[in-house]
Amino acid sequence: MTLGISAAVLSTSMMQLTSCTETQRENPLLQESTLPFGAPDFSKIQTTDYLPAFEAAIQQKRDEIAQIVENKDSATFENTILAFEESGKTLDRVSRVFFAIVEADKTDEIGEIEKKVQPLLTDLENEISFNKPLFERIRQVYDREHETLQGEDLKLLEEIYKDFVCKGALLPDDKMARMKEINLRISELQTQWGDVLPAATNDAVVWVDKKEDLAGLSEADIAQCAKDAESRGSKAPYAIVIVNTTQQPLLASLDNRDLRKKVYEASIHRADGTGKYNTFPLVVEIAKLRAEQAEIMGYPNYASYSLERTMAKTPENVYAFLKNLIAQYTPKAQAETKAIEEYARKTQGQDFQLQPYDRFYYSAKMKKEQLDISDDEVKPYFNVDSVLYNGVFYAANRVYGLTFKERTDIPTYHPDMKVFEVIDKDGKSKALFYCDYFRRPTKRGGAWMDSFQEQSRYRKQQPIIFNVCNSAKAPDGQPSLLTWDEVTTMFHEFGHALHGILSDCLYYRLSGTNVARDFVEMPSQFNESFAAIPEVFDHYARHYETGEPMPAELKELMLKSITFQTAYALGENLAATCVDLAWHMLSSKDIPTADKAAAFETEALKNVGLLDAQIPPRYYTSYFNHVWGGGYAAGYYSYLWTEVLAVNIADVFAQRGALKPETGQDLRDKILSRGNTGDLMQMFTDFTGMQQPDASSLLKARGL
């Protein structure tokens, strides 16, 4: 019955669409792809296809929702919950393709389409979230069948019901109307953020006239600066591109202190109004609207509202977790800073005051002196292709039995992208995996995983997953070499990919990475651990010219260097986490004005004991994309929270045998394949045998 309704709606909508456009070219986004797995056919998709595809798909979803509401039969799981789950398949397909492009290859034309599309999607979301007859049918099913449904059917019912309640389905009309207004305005503001921040980051590029000013950089890095200058209009012979985080990797090598300062300040001031870009007006309005949302829903602040359906449950639990970490971290950070400054004074004099733009530089020199190792010595062993094939894929094969076959017959949205068919250990095709690793001006900063299609047995869909990173692509004829951080980022994002690839769930809403955000980072952080396992490391860490593995002595130093002066990395994460929480613990009346936003941030860090010029937040407020442009509002803590889970799971692997297929299968069966089909803490317990995560392992794992 449900499938018949969905098919009828789809047929009617498509006939209407075809009758209007039969003399025109068919829109490939509105047709089911004939490619393997139903992969998007980028060879056919044109930029002009997106807006009409959205308009048609949105109307189709409206029709499908209307069919559910107008059904004269009593509400049942099949005719209401399953029908709702299956609505909007075309819109899902169009959205996944379009927003992948928005994030990874956003041209001006794509940006203009996004501005038109976002209000349409927000209007639709509001219509559905506050559709009283629809929610009444969902509530009837919840009341009647909650006690009789089991397994994934029960979980699907609970998730859909709770989603509606959390969005305001039980609100009176006046408050419901205000929530609609807020949702629309936040959508508009986040679209603006998505335009301003990449533009600000691109504009923050530091131009360099003379090669000698780049002293300290390797020839490969200097060549990259020349290439970056050329791709950005050649205003000078060289350009230092600003990456998304506060600290910039090149600061570890640049001898020119004035240039180091210039690069660092370009980073931290990219969007705070010091230059031509200022995101603070967007920040304070988003924060105020979120706080108002929470208050309408009966919560004191947005953090309380947002955290209710996470593992942490409350801001108080998060702060208790962070307070314990900060107490253990602080003396180690102070000792680390003191050691670096004392080292610098050996050559710069006793009056030398270490600045944040000096820290990476002198820390690298200390590491070189104490461990006799530098990034330039190890980068030749981290060729991006070897890391992918001989590291990331090799570990997945050893642990989960997966193999990867490159598919050059499947088109991509950019020439840098590669596609692989993932084949399971039984020889059956499991998924498609795309990777897009190199930065470009049209790609936002950072690294992420997403999907063109989520796994669902009910829909007979296999997962189509992609990873995106922002490593530098070497000039033609030269190898693209990675830093250790970039190596672990590849493993990290592939951990997310595995969560999607190995999913085996009935419903797409529950599959893969559709879990609480303070659980979703666990598989990715755990997968980072394979990068340093000796057998895996030896397999991919090979010289790009000779193919020889990294020499044993250099390897030993390399692995030791991973935990060299790691207080900084923990501190920048703690600081960013506390900045995020501080903004979202405010009531709507306490949100500062845009001109006071920076001062509020400073005070917030001071209040938790993390105001440290030497260890600034990984992201300052004005360029904190996770929080203002993404889905991590009041949730950035989840990286640390899930790191504890990941370390606990890595300890189990170490005890059982890190590369044993039996252990991998156990993790796959109990966590990676299960998505959000059960209690997440119980999944953790089922695998580890631990009733609660053990946070004491985190500092030890970080070498602290």
Side-chain angles (χ1 to χ4, degrees), residues 245 247 249 252 321-322 324-343 354 359-375 377-378 382 482-492 495 521-522 524-538 541 550 552-577 610 612 614-616 618 639-655 658 693-704:
T245 54
Q247 279 288 8
F321 168 71
L322 294 173
N324 180 47
L325 278 180
I326 292 169
Q328 296 179 67
Y329 148 84
T330 300
K332 299 178 185 298
Q334 292 170 344
E336 186 174 293
T337 297
K338 182 180 179 182
I340 295 171
E341 186 168 62
E342 287 178 350
Y343 175 83
L354 191 73
R359 188 184 189 94
F360 275 22
Y361 181 74
Y362 288 104
S363 177
K365 285 188 171 296
M366 283 185 73
K367 184 166 74 172
K368 174 65 176 172
E369 184 175 299
Q370 294 180 16
L371 299 178
D372 194 24
I373 191 171
S374 68
D375 284 346
E377 290 176 88
V378 299
F382 297 149
L482 305 178
T483 65
W484 175 249
D485 281 347
E486 290 170 328
V487 170
T488 55
T489 295
M490 282 178 62
F491 276 86
H492 177 101
E521 294 295 336
M522 183 280 293
S524 55
Q525 301 218 63
F526 162 67
N527 203 61
E528 289 182 36
S529 66
F530 290 110
I533 289 174
E535 184 178 334
V536 178
F537 185 89
D538 291 345
M550 186 179 288
E553 185 179 355
L554 183 59
K555 170 190 165 185
E556 183 181 356
L557 292 172
M558 164 69 214
L559 294 175
K560 280 184 179 179
S561 74
I562 294 171
T563 55
F564 181 79
Q565 294 186 341
T566 53
Y568 182 94
L570 178 57
E572 65 170 356
N573 201 324
L574 283 167
T577 294
L610 291 173
D612 183 351
Q614 279 297 313
I615 306 181
R618 184 169 176 83
Y639 284 95
L640 290 170
W641 183 279
T642 53
E643 187 178 347
V644 171
L645 305 179
V647 169
N648 293 164
I649 287 173
D651 287 343
V652 172
F653 265 74
Q655 292 161 12
D694 178 10
S696 66
S697 299
L698 189 147
L699 269 73
K700 181 181 177 182
R702 283 182 173 248
L704 293 171

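Values in this document were obtained by computation on a predicted structure and should not be read as measured data. Numbers for residues simply follow the sequence, beginning at 1.
A donor-acceptor pair is defined here as one N or O able to donate and one able to accept, closer than 3.5 Å; such a pair exists between the side chain of Thr563 and the backbone of Lys560. The backbone N or O of Phe360 lies less than 3.5 Å from no partner atom in the side chain of Ser363, so there is not a single donor-acceptor pair. With hydrogens and angles ignored, the 3.5 Å screen pairs no side-chain donor or acceptor of Asn648 with any backbone N or O of Pro693. With Lys332 contributing its side chain and Leu704 its backbone, the two residues share a donor-acceptor pair below 3.5 Å. With Thr245 contributing its side chain and Arg618 its backbone, the two residues share no donor-acceptor pair below 3.5 Å.
A heavy-atom distance below 4.5 Å is not found between the side chains of Phe382 and Thr483.
Note that OH of Tyr343 and NZ of Lys367 are 12.5 Å apart. Values are rounded to the nearest 0.5 Å. How far CG of Leu554 is from OG of Ser561: 9.0 Å, rounded to the nearest 0.5 Å. A distance of 9.5 Å separates NZ in Lys368 from CG in Leu557, rounded to the nearest 0.5 Å. With values rounded to the nearest 0.5 angstrom, Phe321 atom CZ is found 8.5 Å from Thr577 atom OG1. Atom CD1 of Ile615 sits about 12.0 Å away from atom CG of Asn573, to the nearest 0.5 Å. Summarising the geometry, atom CG belonging to Leu698 is positioned 6.5 Å from atom CG belonging to Leu570; distances are rounded to the nearest 0.5 Å.
In this model, no donor atom of one side chain and acceptor atom of the other lie less than 3.5 Å apart for Glu486 and Thr489. Remark: the Thr488 side chain and the Glu528 side chain contain no N/O donor-acceptor pair separated by less than 3.5 Å. Counting only N and O atoms by type, the side chains of Asp694 and Ser696 include a donor and acceptor under 3.5 Å apart. Side-chain N/O atoms of Glu341 and Tyr362 include no donor and acceptor closer than 3.5 Å. Gln614 and Thr337 share no side-chain donor-acceptor pair at under 3.5 Å.
When all heavy atoms of Glu377 and Asp372 are compared, the closest pair comes out as OE2-O, 3.8 Å. Across Met366 and Ile340, no two heavy atoms sit closer than the pair SD-CA, 3.7 Å. Heavy atoms only, all atoms of each residue included: Ile533 and Ala658 are closest at CD1-CB, 3.6 Å. Here the closest non-hydrogen pair linking Tyr329 and Ala567 is CE1-O, 3.2 Å. What you find for Thr566 and Glu336 is that their closest heavy atoms are N-OE1, 3.3 Å. The two atoms that bring Ala252 and Ala364 nearest to each other are O-CB, 3.6 Å, heavy atoms only.
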**OP:** Decide side-chain contact (heavy atoms from CB on, under 4.5 Å) for Leu322 and Leu640; before the verdict, give the C-alpha distance in whole Å, the side-chain angles of both, and the deciding distance to 0.1 Å.
**Re:** CA-CA 9 Å; Leu322 294 173; Leu640 290 170; 4.2 Å; yes

**OP:** Would you check, one step at a time, whether the test ring-ring contact (aromatic ring centres under 6.0 Å, His included) holds for Phe526 with Phe653?
**Re:** CA-CA 10 Å; Phe526 162 67; Phe653 265 74; 4.7 Å; yes

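Taking the six-membered ring where the residue is Trp, Phe537 and Trp484 present tilted rings, their angle falling between 30° and 60°.
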